[in-house]
Each structure stands twice: as structure tokens, then as C-alpha cells.
Participant: 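Mind looking over this structure? Questions follow.
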There are 2 protein chains.
Amino acid sequence: MTDQRPAPAAPAAGLRERKKRRTRDALLRAALLLFVSQGYEKTTVDEITDAVDVSQRTFFRYFANKEEVAFAVQDLVESHFVAALRARPDAEGPLEAMRNAVLASWDTIGEAIAEVVPVDLYMRTYRLIESTPALLAVHLRRSTELEERISLLIAAREGLDVDADPRPRVAVAAFSGVMRVTGRLWGQGEDASVAAIRRMTEAYLDQIGPALASDWR
Amino acid sequence: MTDQRPAPAAPAAGLRERKKRRTRDALLRAALLLFVSQGYEKTTVDEITDAVDVSQRTFFRYFANKEEVAFAVQDLVESHFVAALRARPDAEGPLEAMRNAVLASWDTIGEAIAEVVPVDLYMRTYRLIESTPALLAVHLRRSTELEERISLLIAAREGLDVDADPRPRVAVAAFSGVMRVTGRLWGQGEDASVAAIRRMTEAYLDQIGPALASDWR
DNA sequence: TGTGAAGTGTCAGTGGCTGTCACTAGCCTG
DNA sequence: CAGGCTAGTGACAGCCACTGACACTTCACA
């Protein structure tokens with residue numbers, strides 16, 4: 001997760017700072033546009049830097065690699081979810097809290113995204129990630145990192161030690177597994193709206209209990 | 001180290017075939033050895049091909065990319081699990097069947113692996129995968145592909161349509177999530193034995209029910 | 001206003017990966 | 001068993017992601 005964002009509570013930073021942010025944003029937007037319009041693999045870093053008129057070297061000073069730029073917005077979405085989870089009342093059980101946190105964060109994520117790129121561009125990027133093997137792989141690895149953070153959070157809520165009690169990690173794993181399935185299906189489906197994935201998430205989360213029952217008939 | 005496998009229904013193929021298999025096996029073994037001894041990233045394809053005395057081009061004719069060679073044995077393990085799952089009696093519920101299939105397949109996987117590489121080498125490779133970001137990413141992506149296959153299998157067992165009923169995918173997602181957690185923890189832990197991961201799997205799978213309960217206290 | 005450092009461009013180099021082409025060796029047919 | 005066919009390979013050239021080194025420009029700040 002990228003740290004530096006003087007977002008809320010950051011007046012007009014120095015000229016240098018602003019220039020930097022502008023360059024980064026320009027690279028990000030140009031990259032995502034190119035990715036969604038012609039595909040990730042078919043986009044070279046040179047094309048991105050040409051579009052922004054900086055050197056290739058500069059790109060790699062802002063983003064560790066070509067993949068990273070594709071996940072810049074995803075970072076935002078994830079920290080949004082984590083914040084929503086932190087905000088859940090203690091009274092809610094683990095699974096209930098996670099469920100409410102996703103649903104709540106999807107209701108408000110739009111604005112947060114729009115500060116950086118058009119929401120539509122993000123959604124098309126998300127679909128691109130799901131459908132591009134190289135990006136999907138990175139996405140999944142990042143997801144497990146997020147899962148670990150969530151596990152620690154859940155454990156803290158319940159006053160447990162993650163290493164002593166398997167339940168936090170198991171619950172998060174089950175929850176995340178379901179989230180991935182919905183993400184994938186949404187990416188493959190017709191309806192690319194936020195509403196669609198929200199609806200799907202709700203429906204699939206409802207099935208966790210029934211799915212783990214010993215007899216489905 | 002046998003140069004060919006008395007594989008089921010594969011007599012002595014032509015000389016061409018045998019040479020091919022020998023080259024592939026040699027590349028595989030050399031690659032894994034280099035990977036585990038000096039790390040994945042620090043091993044160049046040239047080093048691998050030099051060790052086997054073939055051209056770099058030849059390497060890429062056998063393996064689509066450098067990553068693929070690291071997963072050759074994993075392929076074996078996965079199809080072993082799928083076979084075990086197919087063999088579970090219809091009477092078992094979905095989760096029960098998957099659980100029994102993993103445990104059963106771990107009891108017998110050793111011999112299957114040993115036909116290709118020393119079991120110890122495989123285990124060290126597995127740990128390397130878990131601890132190398134680039135490989136972990138690919139591993140996770142491959143896992144989701146496997147999950148889809150399993151979902152279809154489970155659905156078939158229960159006479160369901162995966163797209164109409166979310167339960168197969170949800171159950172598999174939850175199950176796989178737990179499996180990944182155990183794989184990761186095993187990779188980080190001290191005990192690198194098959195027994196260790198088997199034990200851990202059993203313990204964690206036992207926690208699925210409790211973990212999803214609405215109240216842990 | 002001068003000095004230091006942050007940000008960038010340029011250049012050279014490495015390594016993964018691909019296309020092409022020519023050559024050789026196992027295979028097959030007459 | 002000769003001669004042609006083709007799969008497998010090596011050699012080579014080239015693309016692209018990425019890195020290190022160094023010099024230059026531009027802002028920041030004393």
C-alpha cells in the first residue's frame with residue numbers, strides 16, 4: 001500500500017510536491033487508459049512515458065514495475081474496506097462485521113476513486129486485472145497480504161492471538177474466498193456496475209452457511 | 001534416477017520420445033536444484049541450460065516461461081488430489097469429501113512425486129514458491145484455476161449447475177482459502193515434513209465450522 | 001543568492017522471451 | 001535401404017522490462 005497521500009489535511013504543498021503528484025497521476029491515468037484500450041501486455045512502458053512525455057527511467061521511479069501502476073487504485077479501495085471494517089461495532093460477529101464492511105464500503109467507494117481517476121476507468125481496469133493472467137496473479141498475491149491484515153484486525157476485535165487460534169485466519173480465508181469468486185464472476189459477467197457486484201456479493205455471502213452444511217439436499 | 005517412467009499405458013516409445021523426456025526431466029531437475037540452492041530470481045535461464053548443455057531456446061520449447069518449470073511437480077500433486085476427490089464415495093458431503101481427499105492424497109503423494117524428483121526437492125521447491133513473491137502470485141492464480149475444476153466436480157457430485165447454485169463455488173472457495181492458509185504457515189514454519197502440513201490441514205479444516213459461527217465466545 | 005538535494009534524462013547493460021532459419025537425426029515410405 | 005519428411009535443436013538477432021551510474025536541471029532553504 002502506498003503511504004504518501006496528503007489527501008485529507010494537506011494544503012498546497014511545495015511546487016516540487018505538486019509537480020511530483022501531477023507526474024504520478026498523469027502516468028497512472030495514461031497507463032490505465034492504454035491498458036484498458038489495447039490490453040496490458042500490448043502496452044509498453046515506453047508508450048506510457050511517451051504519452052506523458054517523461055523518460056522511461058522516471059516511470060520506474062514512481063512505480064516499482066509495470067504491474068504496480070495497475071493496482072494503484074485498488075490500493076485505495078482496499079484501505080477503504082479496512083477502514084470500514086475498523087468502523088464496525090464490536091457487537092457484530094467476525095463474519096457479520098466483514099460482510100457489513102464490504103457492503104458499506106461499496107456504497108461510498110465511488111467518491112474516493114473519483115478523486116484519482118474516473119470510476120468507469122477503475123471498473124474497466126478491475127475487469128482487465130481479472131482477465132489478464134499476469135495481473136490476476138499479482139492481484140491474488142496482494143489479496144493474501146490484505147487477508148493477513150484483516151486476520152490481525154479480526155483477532156484484535158475478538159481479543160485473540162492469530163497464531164494460537166486458527167479461527168481468525170480461517171474465517172477470513174473463507175470470506176475472502178467468496179469475495180474472489182464474486183469478483184471473478186462479476187468480471188466475466190455482463191453488468192459492470194458497482195451495484196451488480198454489490199448484489200452478487202450479498203447473494204454469495206448468504207450462501208456461506210448453506211454451502212458448508214454437511215448435506216445440501 | 002530412471003530416465004523414463006513405466007507410465008500407465010506407455011510402452012517404450014520411440015527414441016525421439018525418450019530423448020525428449022530425458023531432456024525435459026534434466027531441465028526440470030537442474031532448474032529446481034538451482035532454484036532451491038540459490039533462489040529463483042538469482043537463477044538465470046542460461047545457468048539452467050548450461051547445466052544441461054542445451055540452448056536457451058530449447059528451454060523455452062519445453063517450458064513456456066521460467067515460472068512454469070517451478071510448477072511442474074505441483075501439477076502432479078494437483079491431479080493427484082483431483083483423482084482422490086473423484087474417488088470419494090457419493091455418500092460424503094461436499095466439504096467432507098474434499099477434506100478426506102486432501103488427507104488421503106497426502107498419504108500417497110510421496111511415491112508419485114519420487115518418480116520425477118526427490119520428494120525432498122519438491123518440498124523445498126514448495127517452500128520456495130511460498131516465499132518468492134513472483135512464484136507465489138503464479139501459484140495463487142493456478143490455485144484458482146484448480147478451484148474452478150473442483151467446483152465443477154463438486155457440482156457434478158451433487159447434481160447441480162455451478163452457475164445456478166452458488167454453493168459449489170462458495171464451498172470450494174472456503175475450503176481452498178483454508179488450504180492456502182495452511183500452505184503458507186507450513187512454508188513459514190520449522191517442520192518441513194509432509195506429516196506437518198497434513199496435521200496442520202486437519203486442525204485448520206476442523207475450525208471451519210467454529211470460525212463461521214456468529215459468536216466466538 | 002548560493003548551495004544542496006530532489007527529480008529527471010541519458011546511456012549502457014542484463015535477463016526473460018520470441019521469431020526465424022538452417023541443420024541434424026530419428027522416422028517412414030516405397 | 002535410399003531418399004524424403006519432419007521434429008527437435010542451436011545460433012542469432014531483436015524486443016521489452018528493468019537497473020545502475022552519472023550528469024544536469026530546478027526547486028528549497030538558509
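So you know, we letter chains A, B, ... as the sequences are listed, proteins then strands, and number each from 1.
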Participant: In whole angstroms, how far is the P atom of C/dG15 from the NZ atom of B/Lys66?
Facilitator: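 Interatomic distance, NZ of B/Lys66 to P of C/dG15: 10 Å.
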
Participant: Tell me, which pairs form a ring pair (Phe, Tyr, Trp, His ring centres under 6.0 Å) where one or both residues lie in residues 116-151 of chain B, sequence neighbours left out?
Facilitator: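 Qualifying pairs: B/Tyr126-B/His139, B/Tyr126-B/Trp186.
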
Participant: So, B/Thr49 and B/Gln56: side-chain donor and acceptor under 3.5 Å apart, yes or no?
Facilitator: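 No donor-acceptor contact under 3.5 Å links the two side chains.
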
Participant: Under 6.0 Å from the CG atom of B/Asp161, do we count more than 12 heavy atoms belonging to anything else shown?
Facilitator: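 More than 12 within 6.0 Å, yes.
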
Participant: Looking only at side chains, do A/Thr44 and A/Asp46 share a donor and an acceptor under 3.5 Å apart?
Facilitator: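 Their side chains do not contain a donor-acceptor pair, so the 3.5 Å distance test is not met.
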
Participant: Figure out the NZ/P separation between B/Lys20 and C/dA25, and round it to whole Å.
Facilitator: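 Atom NZ in B/Lys20 sits about 18 Å away from atom P in C/dA25.
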
Participant: How many whole angstroms separate atom CG of A/Leu27 from atom P of D/dA17?
Facilitator: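 Distance, rounded to whole Å: 14 Å.
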
Participant: Quickly work out the B/Asn65 CG to C/dT18 P distance and round it to whole Å.
Facilitator: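 Distance check: B/Asn65 CG to C/dT18 P gives 7 Å.
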
Participant: Do B/Glu145 and B/Arg149 meet the salt-bridge criterion of a basic N to acidic O distance under 4.0 Å?
Facilitator: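 Between B/Glu145 and B/Arg149 there is no salt bridge, as every charged N stays at least 4.0 Å from the carboxylate O atoms.
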
Participant: Got a donor-acceptor pair under 3.5 Å from the side chain of A/Arg16 to the base of C/dA6?
Facilitator: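 In this structure, the two groups form a donor-acceptor pair.
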
Participant: Using only side-chain N and O atoms of A/Lys19, determine if any of them is under 4.0 Å from OP1 or OP2 of C/dG7.
Facilitator: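 No, because none of the side-chain N or O atoms of A/Lys19 sits under 4.0 Å from OP1 or OP2 of C/dG7.
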
Participant: Pick the closest DNA chain C nucleotide for B/Arg61 and for B/Glu67 by heavy atoms, then say which residue is nearer the 5' end.
Facilitator: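 Its nearest nucleotide being more 5', the pick is B/Glu67.
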
Participant: Starting at atom CD of B/Glu68, determine the distance to atom C1' of C/dT18, rounded to an integer number of angstrom.
Facilitator: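 Taking CD of B/Glu68 and C1' of C/dT18, I get 15 Å after rounding.
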
Participant: To the nearest angstrom, how far is B/Tyr62 atom OH from C/dT18 atom C1'?
Facilitator: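 My rounded result for the distance is 18 Å.
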
Participant: Counting only heavy atoms not in B/Glu190, do more than 12 fall under 6.0 Å of its CD?
Facilitator: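 Result for CD/B/Glu190: open.
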
Participant: Would you kindly give the CZ-to-P distance between B/Phe60 and D/dG14, to the nearest whole Å?
Facilitator: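 Nearest whole value for this atom pair: 19 Å.
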
Participant: In whole Å, what is the span from the CD atom of B/Glu17 to the P atom of C/dC27?
Facilitator: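 The answer, rounded to whole Å, is 9 Å.
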
Participant: Classify the ring geometry between A/Phe81 and A/Phe175 as parallel (under 30°), tilted (30 to 60°) or perpendicular (over 60°).
Facilitator: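 It falls in the parallel class, under 30°.
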
Participant: For residues 34-59 of chain A, which residues have at least one heavy atom under 4.0 Å from DNA chain D?
Facilitator: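 Those residues are A/Thr43, A/Thr44, A/Val45, A/Gln56, A/Arg57.
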
Participant: Does a nitrogen or oxygen in the side chain of B/Thr23 sit under 4.0 Å from OP1 or OP2 of D/dT9?
Facilitator: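 B/Thr23 to D/dT9 OP1/OP2: side-chain N or O found under 4.0 Å.
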
